[in-house]
Amino acid sequence: MTDKRTLISRLSHVSRPPHLRQDFAASLVVFLVALPLCVGVAVASGVPAELGLVTGIVGGLVTGLMRGSSLQVSGPAAGMTVLVLDAVTEFGLPVLGVIVLTAGLLQMAMGLLRLGRYFRAISVSVVEGMLAGIGLVIIAGQLYPAVAAKAPGSGLSKITGLPGAFLDALGDSGALASLAVCAGTVAVLLLWKHTPAKLRAVPGALAAVGLATLAALALNLPVATVEVRGLLGSVQPPPLSAFGELAGVGLLGTVVAFTLIASAESLFSAAAVDRLHSGPRTQYNRELLAQGAGNAVCGLLGALPMTAVIVRSAANVQAGARTKASRVLHGVWLLLFAALLPGVLAHIPVPALAGILVHAGAKLIPVRALAGLWREHRGEALVLAVTAVSIVTVSMFEGVLIGLALAVVKTAWEASHIRLEVTDEGAGPVEGHLSGNATFLRLPKILDTLESLPQDRPVRLDLSGLHHLDHACRTALENWAARHSAAGTEPVKLVTAA
């Protein structure tokens with residue numbers, strides 16, 4: 001009898017996954033955090049709300065099952081909102097699936113080619129500048145639905161048009177009611193952390209949207225609500241004709257932007273999540289492959305692109321998740337909600353979702369980090385600020401490229417440290433000694449000093465202390481040496497390392 005009980009006990013232990021209780025509880029928390037964000041990101045991106053849920057479901061059931069980062073949670077991200085909205089506006093919703101599918105295939109190719117680790121070499125200032133720029137555009141764009149107005153197309157026009165939009169709202173009772181719902185949502189998000197611990201068991205975003213929905217229904221407020229099409233009605237695989245758009249240069253640039261930004265955001269999120277727990281570390285190439293597989297499926301379904309999302313991932317870790325089962329289960333709960341309770345979405349006020357996105361956009365702007373950088377590393381602060389401003393004034397893709405180019409120039413400038421020591425005792429030859437890295441970036445400074453040396457005395461310039469001498473510098477130094485000495489004076493002598 002004892003042996004039989006022991007065998008049953010062992011079999012029940014084997015059949016039950018380890019840490020099931022912790023992962024089950026964490027999955028419910030992540031589901032409640034993800035639900036309003038999935039809907040809000042979809043509405044802000046100009047696509048049906050259900051497509052945000054589809055991307056969250058794929059992030060749980062497809063990417064969640066794959067290897068890479070065990071506790072990171074994927075889904076639609078606020079950081080991609082601006083890019084998706086621009087793509088939908090320019091190319092149309094049917095082409096969005098083509099863009100996301102192609103970006104996913106590129107991510108999978110990069111993962112298979114083991115390129116994931118190279119994303120860790122991207123300047124942190126560029127990434128933070130990218131997120132700051134996205135945050136500014138999100139805030140500006142979502143303040144329009146907050147006052148029941150239509151947002152302009154470009155990031156700069158969104159910002160410059162805000163004063164007029166708010167002035168127009170002052171005489172419109174519907175716009176004021178919408179603004180009150182948005183402001184109340186943001187207030188709940190900011191104050192929720194100060195509520196009793198029992199209340200904080202409900203995620204702040206869910207509480208804010210729930211309270212806004214109840215207030216709108218109870219007071220019969222004249223505010224716009226989410227349009228519902230139904231899950232099957234919203235899922236529209238891209239037609240074959242849409243794939244012909246890939247021949248256009250503009251669409252290919254958008255695909256590259258989707259690929260690079262989604263990959264960078266996911267892998268930087270993975271690095272941040274790794275610092276939150278002591279479990280297995282992220283395998284970057286496998287994580288990139290998993291993200292690509294998820295985006296490929298999202299593209300086939302015509303849904304939003306996915307990235308790893310730090311808010312959901314942090315909630316997953318803090319809720320006590322131990323394995324990837326928690327993120328898979330969160331996808332199951334999203335699927336059940338989308339299938340059984342889609343009508344609930346129709347009661348959610350659009351300005352409440354705008355408040356969620358305004359709060360999320362503000363969190364993308366690293367105000368404290370920028371202040372610290374300005375005090376200690378002004379070059380990095382400049383890269384961050386220029387990247388953000390470029391994204392707002394030009395576009396997402398071009399802004400990131402400008403930031404990367406500026407970061408490379410800054411690094412090259414800092415790496416080209418050079419020192420020129422001149423010894424002149426008043427008689428005899430003038431001794432010069434160059435050390436460091438001589439590049440074309442420092443050439444003006446070098447030549448200014450050398451050209452100030454006396455021309456009527458012998459000059460000996462020692463180059464043996466240089467670690468690097470590029471072609472431009474070598475040619476300029478040889479030309480200076482050839483023309484510097486006056487007639488009758490011994491020519492300049494250049495001494496190189498043996």
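This chain uses plain numbering: 1 for the first residue, then up along the sequence. Note that these values count all heavy atoms, side chains included, but never hydrogens, waters or copies made by symmetry.
Contact annotation: the side chain of T225 never approaches that of H347 to less than 4.5 Å [non-hydrogen atoms, C-beta and beyond]. The shortest distance between side-chain heavy atoms of Q236 and L93 does not fall below 4.5 Å. Between L162 and Y144, the closest side-chain pair of non-hydrogen atoms falls below 4.5 Å. Between S263 and L288, the closest side-chain pair of non-hydrogen atoms falls below 4.5 Å. Side-chain contact between I138 and V358: absent, with no pair of heavy atoms (C-beta onward) separated by less than 4.5 Å. Proximity of I391 to M130: side-chain heavy atoms (C-beta onward) are separated by under 4.5 Å at one or more points. In this structure, the side chains of N316 and V29 stay at 4.5 Å or more apart for every pair of heavy atoms. Residues V100 and L304 fail the side-chain proximity criterion, which asks for heavy atoms closer than 4.5 Å.
A distance of 11.5 Å separates CZ in R322 from CZ in R21, rounded to the nearest 0.5 Å. In this structure, CG on L71 lies 8.0 Å from CG on D23, to the nearest 0.5 angstrom. Separating the CD1 atom in I134 from the CG atom in L83 is a distance of 8.0 Å, to the nearest 0.5 Å. With values rounded to the nearest 0.5 angstrom, E128 atom CD is found 10.5 Å from T387 atom OG1. Annotation: the span from F31 atom CZ to L206 atom CG amounts to 8.0 Å, rounded to 0.5 Å. Expressed to the nearest 0.5 Å, how far CD of Q142 lies from NZ of K158 amounts to 9.5 Å.
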- Item | Derivation of the side chain to side chain contact (heavy atoms under 4.5 Å, CB included) call for Y284 and R114 | CA-CA 8 Å; Y284 285 89; R114 300 181 179 276; over 6 Å; no
- Query: Could you walk me through whether H330 and V73 pass the side chain to side chain contact (heavy atoms under 4.5 Å, CB included) check?
  - Reply: CA-CA 9 Å; H330 117 277; V73 183; 3.5 Å; yes
- Message: Go through it in stages, so that I can follow the logic: the residues are L53 and L345, the test is side chain to side chain contact (heavy atoms under 4.5 Å, CB included), and I'd like the CA-CA distance, side-chain angles, deciding distance and then a yes or no.
- Response: CA-CA 11 Å; L53 294 175; L345 300 178; 4.0 Å; yes
- Stepwise side chain to side chain donor-acceptor pair (under 3.5 Å) check, S69 with T282: CA-CA 4 Å; S69 176; T282 297; 3.3 Å; yes
- Task: In sequence, state the C-alpha distance, the side-chain angles, and the governing distance for Q291 and E287, and then conclude on side chain to side chain donor-acceptor pair (under 3.5 Å).
- Result: CA-CA 6 Å; Q291 293 293 328; E287 179 64 16; 2.8 Å; yes
- Applying salt bridge (charged side-chain N to carboxylate O under 4.0 Å, His left out), run through K410 and E380 and close with a yes or a no. CA-CA 8 Å; K410 183 192 79 69; E380 295 291 335; 2.8 Å; yes
- Might you work through the side chain to side chain contact (heavy atoms under 4.5 Å, CB included) test for V400 and L260, ending with a clear yes or no? CA-CA 10 Å; V400 172; L260 295 180; over 6 Å; no
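Residues A146 and C182 approach most closely at CB-SG, 3.5 Å, considering heavy atoms. The two atoms that bring P349 and T213 nearest to each other are CD-OG1, 3.3 Å, heavy atoms only. Across all their heavy atoms, I99 and F91 have their closest contact at CD1-CD1, 4.2 Å. Considering all non-hydrogen atoms of both residues, L101 and A296 come closest at CD1-O, 3.5 Å. The shortest non-hydrogen separation linking S266 to Q72 is O-OE1, 3.4 Å. Minimum interatomic distance between V392 and G133 (heavy atoms only, all atoms of both residues): CG2-O, 4.0 Å.
Looking only at distances, no side-chain donor or acceptor of R312 sits under 3.5 Å from a matching main-chain atom of V33. Between the side chain of T63 and the backbone N or O of G60 there is no donor-acceptor pair closer than 3.5 Å. Not a single donor-acceptor pair under 3.5 Å links the side chain of S269 to the backbone N or O of E265. Side-chain N or O atoms of T55 include one that pairs as donor or acceptor with a backbone N or O of L51 at under 3.5 Å. Side-chain N or O atoms of S178 include none that pairs as donor or acceptor with a backbone N or O of G174 at under 3.5 Å. Using a distance-only test at 3.5 Å, with no hydrogens or angles considered, no donor-acceptor pair links the side chain of K324 to the main chain of S70. A distance-only check finds no donor-acceptor pair linking the side chain of S45 to the backbone of V47 [under 3.5 Å]. Between the side chain of H277 and the main chain of G279, a donor-acceptor pair closer than 3.5 Å is present. Here the side chain of W192 pairs a donor or acceptor atom with the backbone of V202 at under 3.5 angstrom.
Around CZ of R67, the count of heavy atoms belonging to other residues, nucleotides or ligands within 6.0 Å does not exceed 12. More than 12 heavy atoms of other residues, nucleotides or ligands lie within 6.0 Å of CG in L336, so this atom counts as buried by the packing criterion.
Partners of F166 under the ring-ring contact (aromatic ring centres under 6.0 Å, His included) rule, at least two apart in sequence or in another chain, do not exist in this structure.
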